[in-house]
Amino acid sequence: MATQQAVNQQMAQQPPAAQSKQAPVPIVNQVKAMLSEDKVKKKFTEILGQKAPQFMASITNTVSGSAQLKKCPAASIIGAAFVAATYDLPIDSNLGFAAIVPYNESVYNPETRQYDKVPRAQFQMMYKGFIQLAIRSGYYEKMNYAVVYEDELRSYNPITGEIQFVDDFDNCTQRNEGDEAHVAGYYAWFRLKTGYSQELYMSKKAVDNHARKYSQAYRYDLNKNKKSSKWTTDFEAMALKTVIKLLLSKWGILSVDMQRAIQDDQKTYDEDGRGSYGDNKPDALPPAQDPFQIEQQEEEEPEDIDIEDM
């Protein structure tokens with residue numbers, strides 16, 4: 001995995017006095033320095049072949065166009081890009097295949113006893129990425145996904161999973177109006193070449209509950225009225241991804257790449273290639289303190305107790 005050797009060499013070439021006064025190297029420049037390292041270029045070439053230069057250029061363009069990514073460590077950006085490269089998926093989030101997404105990880109600071117927001121870059125599969133991997137596997141004959149509007153839904157049984165749509169969509173007008181307030185939910189469906197088919201529908205509220213449970217960044221946005229999470233800025237894309245991902249992981253035939261993609265989705269990678277889930281988990285609690293240890297300290301050092309704090 002990439003290191004900051006090239007960046008460190010640039011700093012080392014400066015005199016000590018200049019180093020102390022020099023402003024931090026911008027993240028875009030750090031990313032460019034890492035991408036210029038021979039071992040990094042070699043690794044991308046081994047993965048992508050002739051497409052490597054174009055993909056590496058897209059990494060720089062992605063960082064340059066995102067004010068939030070410019071706050072993330074360069075190593076986490078390169079790590080996320082390596083993962084996207086292994087799936088041969090473009091990282092332009094507008095295309096909907098994969099993305100390098102910035103988020104603020106809540107890290108407990110034992111000194112201040114508060115959570116600090118630490119910027120990170122994570123790899124995210126998008127809904128078109130899962131569909132692309134399904135197509136490549138060769139198992140699927142047909143599949144589709146859709147946003148479902150209220151006037152298109154006849155009934156849905158959450159126990160059996162059975163869903164019925166209207167017979168005549170010509171009488172439905174809400175889709176053409178495009179009013180998100182009338183979105184009932186999200187739907188995905190596939191049919192294997194063996195003839196087996198399966199579908200999954202999730203109401204808008206069910207998807208929202210899913211996001212609240214698993215996305216720390218989304219909960220932060222809701223609590224602070226912010227727009228830093230992909231769930232906040234593009235709820236529809238994330239909702240479709242959720243339905244497709246759950247459908248395939250529960251009932252689909254998973255190729256090796258699809259199994260890896262489900263595991264790698266929303267992971268943060270360090271310089272050594274180790275992945276961990278930073279956002280896709282419930283809020284962490286501060287480490288518990290031993291009450292007996294606290295009591296013992298109070299008995300041994302009573303002079304340190306401030307009456308105003310009691």
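All residue numbers refer to positions in the sequence shown, counting from 1. The shown structure was predicted, so the numbers you read here are calculated from the model rather than taken from an experiment.
- Atom OG1 of residue T194 and atom OH of residue Y139 lie 11.5 Å apart, to the nearest 0.5 angstrom.
- Residue pairs meeting the side chain to side chain donor-acceptor pair (under 3.5 Å) criterion with at least one partner in residues 250-262, sequence neighbours excluded, are T86-R260, D257-R260.
- Partners of F235 by ring-ring contact (aromatic ring centres under 6.0 Å, His included), not counting sequence neighbours, listed by chain and number: W231.
- Residues passing the side chain to side chain donor-acceptor pair (under 3.5 Å) test with N171 are D168, sequence neighbours excluded.
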Subject >> Step-by-step side-chain contact (heavy atoms from CB on, under 4.5 Å) determination, Q124 to M238 >> reply: CA-CA 10 Å; Q124 275 199 10; M238 293 298 290; 3.8 Å; yes
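- In terms of heavy atoms, I27 sits closest to A74 at CD1-N, 4.4 Å.
- Each of I77, V63, L69 was checked for a side chain to side chain contact (heavy atoms under 4.5 Å, CB included) with P102, and the lone residue meeting it is L69.
- Within the 4.5 Å cutoff, the side chain of F82 has heavy atoms near those of the V40 side chain.
- Here the CG-CG distance, from L133 to L89, works out to 5.5 Å after rounding to the nearest 0.5 Å.
- Checking each of Y145, Y187, Y156 against Y201 for a ring pair (Phe, Tyr, Trp, His ring centres under 6.0 Å) leaves exactly one that passes, namely Y156.
- Residues V148 and I244 are members of separate hydrophobic clusters, defined by side-chain heavy-atom contacts under 4.5 angstrom among Ile, Leu, Val, Met, Phe, Trp and Tyr.
- Judged purely by atom type and a 3.5 angstrom limit, S76 has no side-chain atom pairing as donor or acceptor with the backbone of C72.
- Atom CE of M56 and atom NZ of K32 lie 12.5 Å apart (nearest 0.5 Å).
- No chain of hydrophobic side-chain contacts below 4.5 Å, direct or via other Ile, Leu, Val, Met, Phe, Trp or Tyr residues, connects V101 to V207.
- In this structure, the side chains of F55 and F44 come closer than 4.5 Å at one or more pairs of heavy atoms.
- Annotation: side chain of N209 is not in contact with side chain of Y214 (no heavy-atom distance under 4.5 Å).
- Across all non-hydrogen atoms, the minimal contact from W189 to S197 is NE1-CB, 4.1 Å.
- Interatomic distance, CE of M143 versus CG of L248, reported as 4.5 Å (0.5 Å rounding).
- In this structure, the side chains of L240 and V243 stay at 4.5 Å or more apart for every pair of heavy atoms.
- Counting only heavy atoms from C-beta outward, the side chains of L35 and K41 never approach each other to under 4.5 Å.
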**OP:** Would you sort out whether Y149 and V147 count as a side-chain contact (heavy atoms from CB on, under 4.5 Å), showing the intermediate values?
**Re:** CA-CA 7 Å; Y149 287 83; V147 178; 4.1 Å; yes
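- With sequence neighbours excluded, the residues that form a side chain to side chain donor-acceptor pair (under 3.5 Å) with Y87 are D264.
- The two residues M258 and L254 make their nearest non-hydrogen contact at CE-CD2, 3.8 Å.
- Y186 and F169 sit in two unconnected hydrophobic clusters of ILVMFWY residues. Membership requires side-chain heavy atoms under 4.5 Å apart, directly or through other members.
- Contacts classified as side chain to side chain donor-acceptor pair (under 3.5 Å) and involving residues 49-75 (residues at least two apart or in different chains) are given here: K51-D88.
- Between the N223 side chain and the R219 main chain, a donor and an acceptor come within less than 3.5 Å of each other.
- For residues 149-162, the pairs satisfying salt bridge (Lys or Arg N to Asp or Glu O under 4.0 Å) are E152-R175, R154-D167, with sequence neighbours left out.
- Side-chain contact check for L247 versus F130: every heavy-atom pair is 4.5 Å or farther apart.
- Taken from CD in Q132 to CE in M125, the straight-line distance is 9.0 Å, to the nearest 0.5 Å.
- For the pair K245 and Y127, the cation-pi criterion (under 6.0 Å, within 45° of the ring axis) is not fulfilled.
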Subject >> Chi angles and distances behind the side-chain contact (heavy atoms from CB on, under 4.5 Å) call for D265, K241 >> reply: CA-CA 11 Å; D265 184 34; K241 167 192 167 180; 2.9 Å; yes
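- F123 and I131 fall within a single hydrophobic cluster, where Ile, Leu, Val, Met, Phe, Trp and Tyr are joined by side-chain heavy atoms under 4.5 Å apart, directly or via other members.
- Contacts of D116 classified as side chain to side chain donor-acceptor pair (under 3.5 Å), with partners at least two apart in sequence or in another chain: N109.
- Remark: K142 pairs with no residue by the salt bridge (charged side-chain N to carboxylate O under 4.0 Å, His left out) rule, at least two apart or across chains.
- Within a 6.0 Å radius of CG in N225, other residues, nucleotides and ligands contribute 12 heavy atoms or fewer.
- The environment of NZ in K117 is crowded: more than 12 heavy-atom neighbours from other residues, nucleotides or ligands sit within 6.0 Å.
- In this structure the side chain of L153 reaches within 4.5 angstrom of the side chain of I163, judged on heavy atoms.
- Within the structure, every pair that satisfies the salt bridge (Lys or Arg N to Asp or Glu O under 4.0 Å) test and touches residues 184-201, not counting sequence neighbours, is listed here: E141-R191.
- Hydrophobic clustering, with ILVMFWY side chains joined whenever heavy atoms are under 4.5 angstrom apart, groups M34 together with I59.
- Looking at residues two or more places apart in sequence or on another chain, you find no salt bridge (charged side-chain N to carboxylate O under 4.0 Å, His left out) involving K226.
- If you take SG on C172 and NE2 on H182, they are separated by 12.5 Å, rounding to the nearest 0.5 Å.
- Judged as a side chain to side chain donor-acceptor pair (under 3.5 Å), and not counting sequence neighbours, the contacts of T232 are D221.
- Between Y108 and P110 the shortest heavy-atom distance is O-CD, 3.4 Å.
- Closest of all the heavy-atom pairs between I47 and A85 is CG2-O, 3.2 Å.
- Counting only heavy atoms from C-beta outward, the side chains of V31 and I78 approach each other to under 4.5 Å.
- In summary, the side chains of D208 and Y218 do present a donor paired with an acceptor at a separation below 3.5 Å, with no hydrogens or angles considered.
- Not counting sequence neighbours, the partners of A206 by the side-chain contact (heavy atoms from CB on, under 4.5 Å) test are M202, S203.
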